[in-house]
Protein chains: 2
Amino acid sequence: MYKENNLSKNQQIIFDLINKSSEPLKAYTILFSVQKKGIKAPPQVYRALDKLVETGKIHKIESKNAFVACRNSDCEISKATAFSICESCETVDEISDMKLSKYLSDFNHKKGMKFKRFNLEFFGICKKCKKD
Amino acid sequence: MYKENNLSKNQQIIFDLINKSSEPLKAYTILFSVQKKGIKAPPQVYRALDKLVETGKIHKIESKNAFVACRNSDCEISKATAFSICESCETVDEISDMKLSKYLSDFNHKKGMKFKRFNLEFFGICKKCKKD
DNA sequence: TTAATAATGTTATATTATTACATAGTGTTA
DNA sequence: TAACACTATGTAATAATATAACATTATTAA
């Protein structure tokens with residue numbers, strides 16, 4: 001069952017749910033939503049989430065403990081992620097900006113550590129909320 | 001008691017502990033460490049942490065659910081934070097780089113949202129771990 | 001077809017964080 | 001100094017997030 005699209009049954013169910021969602025989903029929200037599909041326990045959800053994060057199909061928004069589908073074909077296996085988060089409506093958007101991505105991927109700091117990966121979260125008030 | 005340095009008793013105890021530490025501390029690690037000083041329950045710790053984060057004395061490392069003292073006089077009230085995290089030894093360093101900070105503070109993306117704040121976490125293997 | 005690997009199912013438990021409510025300390029100002 | 005608003009504290013209970021451990025089944029590759 002794995003080969004066709006390289007997602008397993010549980011992974012596919014959970015990916016589909018996250019992918020359809022317009023907002024980040026939390027692990028237990030996912031759990032409650034997929035119980036009718038036979039996924040009954042936290043480890044089943046967390047295992048699928050771990051795998052999906054690992055393969056870059058989804059990202060974890062660390063400041064929210066929530067997950068979004070990857071919308072950015074450029075972020076290979078989640079090496080370089082950036083998000084904009086509205087502090088009012090909680091909307092999260094993945095930022096896809098080549099210049100930003102390149103700037104950060106090339107960044108090296110004084111202590112000489114070579115970075116393999118980064119995650120950037122911007123916070124503010126989105127256009128829509130500003131109007132209200 | 002507040003006025004002298006504008007940290008309350010619990011805030012000062014918890015800040016001192018984090019500030020002395022060479023590594024990020026987790027809330028319950030802090031709780032266990034300060035029980036002899038009369039701080040006995042999670043809300044006492046979380047309240048102090050919230051306040052310290054709010055005032056920029058400490059930062060939360062979101063990917064680790066842990067807290068470090070601010071080493072950077074430039075990051076006013078935690079508006080612009082960047083960290084380097086070693087995936088091997090788990091060492092966390094606050095990055096203080098004016099150019100990076102300015103680049104990100106000035107960043108605006110297409111959708112027109114104005115950012116007030118950001119948090120950036122870089123991951124890699126530090127110099128010391130590379131040698132081993 | 002066997003062995004290795006990946007995925008699943010299940011129970012229990014660990015870790016992280018908040019709610020709710022009662023009490024006490026501090027700063028302001030009338 | 002009395003009254004007030006505000007901040008901080010103490011405490012019990014519980015909510016939310018995440019993992020450990022172990023048994024079983026499915027998939028792939030040799």
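Only this structure's heavy atoms are used, side chains among them; waters, hydrogens and symmetry mates stay out.
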**Message:** Below 30° counts as parallel, above 60° as perpendicular, anything between as tilted: where do the rings of F115(B) and F122(A) land?
**Reply:** parallel
**Prompt:** Who passes side chain to side chain donor-acceptor pair (under 3.5 Å) against D16(A), sequence neighbours left out?
**Reply:** Q12(A)
**Asked** Roughly how bent is the helix from dT1(C)-dA30(D) to dA30(C)-dT1(D) end to end, in steps of 10 degrees, with each end axis from five pairs?
**Response** 40°
**Prompt:** When S84(A) is tested against each of T91(A), I95(A), V92(A) for side-chain contact (heavy atoms from CB on, under 4.5 Å), which residue passes?
**Reply:** I95(A)
**Request:** Would you mind telling me which of dT11(D), dA18(D), dA17(C) lies closest to the side-chain atoms of P43(B)?
**Result:** dT11(D)
**Fill in**
Residue set satisfying salt bridge (charged side-chain N to carboxylate O under 4.0 Å, His left out) with K60(B), at least two apart, ordered chain then number -> none
**Fill in**
Residue pairs passing the side-chain hydrogen bond (donor to acceptor under 3.5 Å, both in side chains) test with at least one member in residues 18-45 of chain B, sequence neighbours excluded, are N19(B)-R71(B)
**Message:** Between I61(A) and F118(B), is there shared hydrophobic-cluster membership here, with clusters defined by ILVMFWY side-chain heavy atoms closer than 4.5 Å?
**Reply:** no
**Message:** For dT17(D) and K64(A) - does any side-chain N or O of the residue sit under 4.0 Å from the phosphate oxygens OP1/OP2?
**Reply:** no
**Prompt:** Between N10(A) and dG9(C), does any side-chain N or O lie under 4.0 Å from OP1 or OP2?
**Reply:** yes
**Prompt:** Taking atom P of dA7(C) as reference, at what distance in whole Å does atom CZ of F15(A) sit?
**Reply:** 16 Å
**Message:** According to salt bridge (charged side-chain N to carboxylate O under 4.0 Å, His left out), who are the partners of R117(B), at least two apart in sequence or on a separate chain?
**Reply:** E87(A)
**Prompt:** How long is the line joining CD1 of I61(B) and C1' of dT16(C), in whole Å?
**Reply:** 16 Å
**Any residue of residues 19-27 of chain B with a heavy atom less than 4.0 Å from an atom of DNA chain C** = K26(B)
**Request:** Please figure out whether P42(B) or T29(A) has its closest DNA chain D nucleotide nearer the 5' end.
**Result:** P42(B)
**Message:** Whether N65(A) contacts dA16(D) is assessed here as follows: a side-chain N or O lying under 4.0 Å from the phosphate OP1 or OP2. Is that the case?
**Reply:** no
**Prompt:** Is the shortest distance from a Lys or Arg side-chain nitrogen in E90(A) or K64(A) to a carboxylate oxygen in the other one below 4.0 Å?
**Reply:** yes
**Request:** Answer yes or no as to whether dT15(C) has its base stacked against Y28(B), where stacking requires a ring-centre separation under 5.5 angstrom and planes under 30 degrees apart.
**Result:** no
**Asked** Are OP1 or OP2 of dA17(C) and a side-chain N or O of K60(B) less than 4.0 angstrom apart?
**Response** yes
**Request:** Take L49(B) and I30(B) through the test side-chain contact (heavy atoms from CB on, under 4.5 Å) and record every step on the way to the result.
**Result:** CA-CA 10 Å; L49(B) 290 173; I30(B) 293 168; 4.0 Å; yes
**Fill in**
When rounded to whole Å, the CG to C1' distance for the pair L52(A) and dA6(C) reads 14 Å
**Message:** My understanding is that only residues two or more places apart in sequence, or in another chain, count here; which of them pass side chain to side chain donor-acceptor pair (under 3.5 Å) with S88(B)?
**Reply:** none
Exercise answer: donor-acceptor pairs, residues 97-108 of chain A side-chain atoms, under 3.5 Å, sequence neighbours excluded:
{"residue": "D97(A)", "atom": "OD1", "partner": "K99(A)", "partner atom": "N", "Å": "3.0"}
{"residue": "D97(A)", "atom": "OD1", "partner": "L100(A)", "partner atom": "N", "Å": "2.9"}
{"residue": "K102(A)", "atom": "NZ", "partner": "D106(A)", "partner atom": "OD2", "Å": "2.4"}
{"residue": "S105(A)", "atom": "OG", "partner": "S101(A)", "partner atom": "O", "Å": "2.8"}
{"residue": "N108(A)", "atom": "ND2", "partner": "D106(A)", "partner atom": "O", "Å": "3.2"}

**Message:** In this structure, how many angstroms lie between the C1' atom of dA7(C) and the CD atom of Q11(A), rounded?
**Reply:** 7 Å
**Asked** Should S8(B) be listed as having a side-chain N or O under 4.0 Å from OP1 or OP2 of dT7(D)?
**Response** no
**Request:** Strictly below 4.0 Å, heavy-atom distances to any atom of DNA chain C: list the hits from residues 32-40 of chain A, or just say none.
**Result:** K40(A)
**Prompt:** Listed by chain and number, what are the side chain to side chain donor-acceptor pair (under 3.5 Å) partners of K57(B), not counting sequence neighbours?
**Reply:** none
**Request:** Give a yes or no on whether the ring-centroid distance for F83(B) and H59(B) is below 6.0 angstrom.
**Result:** yes
**Request:** Would you kindly give the CD1-to-P distance between I13(B) and dA8(D), to the nearest whole Å?
**Result:** 14 Å
**Message:** In whole Å, I'd like the distance from the NZ atom of K9(B) to the P atom of dT26(C).
**Reply:** 11 Å
**Request:** Specify the residues of residues 44-51 of chain A, ordered by number, for which at least one heavy atom lies under 4.0 angstrom from an atom of DNA chain C.
**Result:** Q44(A), R47(A), K51(A)
**Item:** Shared hydrophobic cluster for F67(B) and F15(B) (ILVMFWY, side-chain gaps under 4.5 Å)
**Value:** yes
**Asked** Of all residues at least two apart in sequence or in a different chain, which pass the side chain to side chain donor-acceptor pair (under 3.5 Å) check with E62(A)?
**Response** none
**Complete:** Rounded to whole Å, CD1 of I30(A) lies from P of dA18(D) at a distance of 10 Å
**Prompt:** E54(B) has an atom CD; how far is it from atom C1' of dT7(D), in whole Å?
**Reply:** 12 Å
